[in-house]
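Order of the sequence lines sets the chain letters (A, B, ...), proteins ahead of strands, with each chain counted from 1.
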Protein chains: 2
Amino acid sequence: MPVPSRPSAKLSVDPTVTPAVGRAAEAQPADLTWLLNRAAARMRGELDTVARLHGLAGVRDWIVLTALGVEGGRTQLQLGRELGVDKTTLTSLLDRLEDDELVVRRLDPRDRRARIPEVTEAGRRLQTRIAAARDEAEARLLAAFSPDEQRLLRALLTRLADSTAASGPCL
Amino acid sequence: MPVPSRPSAKLSVDPTVTPAVGRAAEAQPADLTWLLNRAAARMRGELDTVARLHGLAGVRDWIVLTALGVEGGRTQLQLGRELGVDKTTLTSLLDRLEDDELVVRRLDPRDRRARIPEVTEAGRRLQTRIAAARDEAEARLLAAFSPDEQRLLRALLTRLADSTAASGPCL
DNA sequence: ATAAGAACATCCTGGCCCGGACGATATCCG
DNA sequence: CGGATATCGTCCGGGCCAGGATGTTCTTAT
């Protein structure tokens, strides 16, 4: 994950690599990988907290809910691939969600081996609530940025995310 | 952790954002949490691959190596707190690194309970090699960005990372 | 000086996740 | 039509990580 920053070279004369592991952020061009992971971990943690507060077991539950809400009709395997979770993990995730009445496993009418998970009305409502809370949390963390900066950040990250993995897993 | 927010969404109503009613206004901003996590996961994966290619078990090993290279003299517990890994996990991490002669556990002369891990010369060399490979990988992923954009991205992320967690764990 | 309590590292146990095997079903091909 | 092969979902075993218990050592108070 994150990496304790290291100067991509340049002005650092020190062969022992750049100092500063976490604190004292320091102005040098901190390693991008580390910066990204740090910021991402923070926001993921925030979202995870929100999800737990709303009764879910973690972020992943919410992601599954969201994915199903965006587009249904996929089998578990397809969904797993899309989300980047192992099929077996998805099984247990869905078990829990189904217990909580947030999703239902319907039989695929065209393939009786396959199950097609669907969000229930309750699941949809919960997903929406959590999304709203997440937006709020994001806004809080972005308070120090001007609208222009926020747009810029989004734009840059979008380009970066797109260029790296066209449609890779997101977990 | 990210959220499968929608693709370039055009006409699809995005459930991840406020469900409002009709509003088509505003090209809704792709969820920042998802963008960040996606980009971060990609880069972390890249670094992990690099670390494995160089004989390590994963990114974490490299992070430990780096942290020790930056500043030694810390006990395992202190190091664990700094890095955000559980002390027990750090124990096994160090076991492996010590087997590979990349670090050594010295006894703290002032507290015989404590061990002070130190990087060996071999460990230092390996750390440097991997850091160089990482810089290369980063540069590759940033190829589509102009120098100005790269600086801007770094600056924005630095602000975000700083504002979120002053000195939280980095794992 | 000594005894009580805290601190450090390790070991052990439980939980989570992935890879492989299994039963059920679908598809292909003769 | 019928058998061989591939696919879907679930179950089982191994590996990894966090939390609790343990042995050793340091610190503090009497």
Side-chain angles (χ1 to χ4, degrees), chain A residues 1-2 37 41 44-45 48-49 51-52 56-64 67-68 72-100 103-118 168-171, chain B residues 1-2 37 41 44-45 48-49 51-52 56-64 67-68 72-100 103-118 168-171:
Chain A
M1 333 205 127
N37 274 282
R44 187 192 326 136
D48 190 72
T49 302
R52 286 173 200 278
L56 292 183
V59 202
R60 311 170 65 136
D61 289 10
W62 182 75
I63 294 176
V64 170
L68 289 177
R74 281 170 296 189
T75 68
Q76 294 187 191
L77 194 66
Q78 289 174 316
L79 187 62
R81 288 199 178 283
E82 185 106 9
L83 266 50
V85 296
D86 194 81
K87 55 181 180 176
T88 68
T89 305
L90 189 55
T91 297
S92 58
L93 272 157
L94 289 174
D95 284 346
R96 192 158 8 93
L97 291 173
E98 199 167 25
D99 278 347
D100 293 349
V103 306
V104 288
R105 277 189 249 229
R106 301 212 176 282
L107 294 175
D108 186 340
R110 324 188 342 170
D111 186 341
R112 277 190 292 179
R113 294 170 302 179
R115 315 288 144 88
I116 297 185
E118 278 181 18
C170 61
L171 279 177
Chain B
M1 335 269 186
N37 274 283
R44 186 192 327 135
D48 191 73
T49 303
R52 286 173 201 278
L56 292 183
V59 202
R60 309 168 64 129
D61 289 10
W62 182 76
I63 294 176
V64 171
L68 289 177
R74 282 169 296 188
T75 69
Q76 294 186 190
L77 194 66
Q78 289 173 315
L79 188 62
R81 286 198 180 283
E82 185 103 11
L83 267 48
V85 295
D86 193 81
K87 53 182 179 174
T88 69
T89 305
L90 190 55
T91 296
S92 56
L93 272 156
L94 289 174
D95 283 347
R96 196 164 355 104
L97 291 173
E98 200 166 24
D99 278 347
D100 293 349
V103 306
V104 288
R105 278 187 249 229
R106 301 210 175 282
L107 294 176
D108 186 339
R110 319 181 356 164
D111 187 341
R112 277 190 293 180
R113 295 170 302 180
R115 316 286 144 90
I116 298 185
E118 278 181 19
C170 61
L171 279 177

How many whole angstroms separate atom [atom1] of [X] from atom [atom2] of [N]?
| X | N | atom1 | atom2 | value |
| --- | --- | --- | --- | --- |
| B:Arg115 | C:dA7 | CZ | C1' | 13 Å |
| B:Leu83 | D:dC17 | CG | C1' | 15 Å |
| A:Leu107 | D:dT10 | CG | P | 11 Å |
| B:Leu93 | C:dA9 | CG | P | 14 Å |
| B:Leu79 | C:dA9 | CG | P | 10 Å |
| A:Asp95 | D:dC12 | CG | P | 13 Å |
| B:Leu77 | D:dC26 | CG | P | 16 Å |
| B:Gln76 | C:dA7 | CD | P | 17 Å |

Working to the nearest 0.5 angstrom, can you tell me the gap between [X] [atom1] and [Y] [atom2]?
| X | Y | atom1 | atom2 | result |
| --- | --- | --- | --- | --- |
| A:Asp86 | A:Arg81 | CG | CZ | 9.5 Å |
| A:Thr91 | A:Arg115 | OG1 | CZ | 9.5 Å |
| A:Glu82 | A:Leu90 | CD | CG | 11.5 Å |

A:Arg96 atom CZ, over 12 foreign heavy atoms within 6.0 Å
yes
Ion pair present between A:Arg52 and A:Asp48, side-chain N to carboxylate O less than 4.0 angstrom?
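Answer for the salt bridge query: yes.
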What residues, two or more places apart in sequence or in another chain, satisfy side chain to side chain donor-acceptor pair (under 3.5 Å) together with B:Asp111?
B:Arg113
Closest nucleotide among D:dT10, D:dG19, C:dC17 to the A:Arg60 side chain
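Within the option list, the nearest is C:dC17.
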Given D:dT10, C:dA9, D:dG20, identify the nucleotide with an atom nearest to the side chain of B:Thr88.
D:dG20
Where each residue is assigned the nucleotide of DNA chain D containing its nearest heavy atom, which of B:Leu90 and B:Lys87 is assigned the position nearer the 5′ end?
B:Leu90
Counting primed atoms plus P, OP1 and OP2 as sugar-phosphate and everything else as base, spell out the protein contacts along nucleotides 23-29 of chain C at 4.0 Å heavy-atom distance: B, S or - for each nucleotide, 5' to 3'.
-BBS---
Contact under 4.0 Å: A:Thr91 side-chain N or O vs D:dG9 OP1/OP2
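So the side chain of A:Thr91 is outside the cut-off, no N or O lying under 4.0 Å from OP1 or OP2 of D:dG9.
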Under 4.0 Å, counting only non-hydrogen atoms across every strand here, what does A:Thr75 touch: a base, just sugar-phosphate, or nothing?
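Result for A:Thr75 = sugar-phosphate.
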Taking the side chain as everything from C-beta on, heavy atoms only, tell me whether B:Asp100 gets closer than 4.5 Å to B:Leu56.
no
